[in-house]
Protein chains: 2
Amino acid sequence: MSINCRNCPLRTLQVFRSMSADEVKFMQEFKRGELSVDAGSTILMEGSNSPQLFTALKGVGLRYKNMPDGQRQVVNFVLPGDFVGLQAGLMGEMQHSVEATTQMTLCVFSRNELWDIFRHQPERAFDLTWLAALEEHFLGETLAVVGRKNGEQRIAWGLLKYYCRMDALGLANNGQVQFPYRQQDLADALGLSLVHTNKTLKRLRERQVVRWDSGILRVSNLRLLAECADVDDYSVMERPLI
Amino acid sequence: MSINCRNCPLRTLQVFRSMSADEVKFMQEFKRGELSVDAGSTILMEGSNSPQLFTALKGVGLRYKNMPDGQRQVVNFVLPGDFVGLQAGLMGEMQHSVEATTQMTLCVFSRNELWDIFRHQPERAFDLTWLAALEEHFLGETLAVVGRKNGEQRIAWGLLKYYCRMDALGLANNGQVQFPYRQQDLADALGLSLVHTNKTLKRLRERQVVRWDSGILRVSNLRLLAECADVDDYSVMERPLI
DNA sequence: CGGAATGTTGAGCTGCTTCAATCGTCGTGG
DNA sequence: CCACGACGATTGAAGCAGCTCAACATTCCG
């Protein structure tokens, strides 16, 4: 049974800009259905031209690019509320793949109707652009981190960022969030080798900064983690939900 | 004297999607004027809330972020046809600074009227979103390069990308384009140190892959450069112009 | 002429990589 | 119930790509 947008559990969270009743109604019509996929499934493939766009509702995933030499770059982690497939929707072709790390449920929209949004719902179109700009912002920050920080700072930053996003979604409990990725995924996200990632995690664990095992990330002192990452602002920006 | 959009020299280039007469007319109305700045001027400042948006017409610049520890990450190079200020326009605050490297001329738009685009010109709003998605794509690619490639590949990639973009703008002559940046700028764009950048450039020069001196970048064998960068597709995507 | 900015080069060091081996966990099939 | 293989985490060792430091060259401009 598909959720009605009116009852969408994400909509009412603080991180998401509130929607008018009209907007909710429109989204409901725009929504084609729901997709549920198992852990490990590929949702969108680099180079493909998907007829569908999605908003993640439940579960987490990864966006990544494959390099010509076989390496992989994780572009970011996909969390509930994230919109995926915009590139295919606009430019006709995905520039990265999206894969489910846990079981995921996603809202499905039809690419053909994307255009309707621009014609009939300028507010929603504005929000879509906002999301694209937000993604751009996030990637710019990531680029700066990967380009300019050392291993420990990168890892601290990656975990901090993830924790804060999860927290904003109400998915943090007592300093703990689900973090069901492999060390390889984190390494690929931060431009580090697996071995170095492992050793750096160990050091952070020993210094009681973060603990990450069996899929759980534990942060007792957020400020300390932020210090290790050398960031001063780790607030989560309010944003629209599509 | 300000250029009329109808006579805009960029509009008719292959890289830019052609516009209908109506669109041109609307852009002309949307356009507030032109801004001309000297080399070295800051056009938009990180954290600021600019009332204006711009499209670069002439000259080149840089987008960059400042890090808490004083380092700098160049996010990308700004070339004619690039739209700058979208983040401020949507999210209310720039996440990076934009600075002119040479003298630049920019089309000026008013942020207040951005909303009008969404209401009255859905096609143009669509294009705006497209541009944001394109930027996201580019940053994703950059992230992958900086995160996963070695110094030589990064530099070859950076120069290749720049050359191709300039070429698409009709600004390449016989394998030569203007490249009026400092080595430090390239280093900051690719996450390398100045010294290593310098030495790698020397090696590429000696191997006759690229020559870059006195502000001119010379590429005699594009394929060879692409090989050094380990990329197989270096075509420039057609895109909208705002 | 002097000073600032940029480019060039050498030397030495280290953060990170690669290689390689081991361990624990878990699901599967005999 | 146990053996086996697959996968991920962990650890040690060795090497090097790229960093920092430092000096010097070149160009340009007031």
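- Residues B:L194 and A:W212 both approach DNA chain D. Their nearest nucleotides, taken by heavy-atom distance, put A:W212 toward the 5′ side.
- The footprint of chain B on DNA chain C, defined by a heavy-atom cutoff below 4.0 Å, extends from C:dT6 to C:dA11.
- Using a 4.0 Å cutoff on non-hydrogen atoms, the parts of residues 141-163 of chain A near DNA chain C are A:N150, A:G151, ordered by number.
- In this structure, a donor-acceptor pair under 3.5 Å is present between the side chains of A:Y64 and A:E99.
- Figure legend: cation-pi geometry between A:R32 and A:F109 absent, as NZ or CZ is not positioned both under 6.0 Å from the six-membered ring centre and within 45° of its axis.
- By the neighbour-count criterion of 12 heavy atoms within 6.0 Å, atom CD of A:Q71 is densely surrounded, having more than that number from other residues, nucleotides or ligands.
- No side-chain donor from either of B:D38 and B:Q103 sits under 3.5 Å from a side-chain acceptor of the other.
- Residues B:L201 and A:V195 both approach DNA chain C. Their nearest nucleotides, taken by heavy-atom distance, put B:L201 toward the 5′ side.
- Separation of the A:Y162 and A:F77 ring centroids falls under the 6.0 Å cut-off.
- The outermost nucleotides of DNA chain D lying under 4.0 Å from heavy atoms of chain B, listed 5' to 3', are D:dG18 to D:dC21.
- A side-chain N or O of A:W157 and one of A:E141 form a donor-acceptor pair less than 3.5 Å apart.
- A:G215 comes within contact range of no nucleotide atom at all, as no heavy-atom separation falls under 4.0 Å.
- Other residues, nucleotides and ligands place more than 12 heavy atoms under 6.0 Å from the CG atom of B:D69.
- Using a 3.5 Å distance cut-off with no hydrogens or angles, the side chains of A:N76 and A:R63 do pair a donor with an acceptor.
- The residue B:K202 sits close only to the backbone: its heavy atoms come under 4.0 Å of sugar-phosphate atoms, none of a base.
- Results of the side chain to side chain contact (heavy atoms under 4.5 Å, CB included) test with B:L160 over B:V209, B:I155, B:L222, B:V210 single out B:L222 as the only residue that passes.
- To the nearest 0.5 Å, the span separating CZ on B:R148 from CZ on A:R72 amounts to 8.5 Å.
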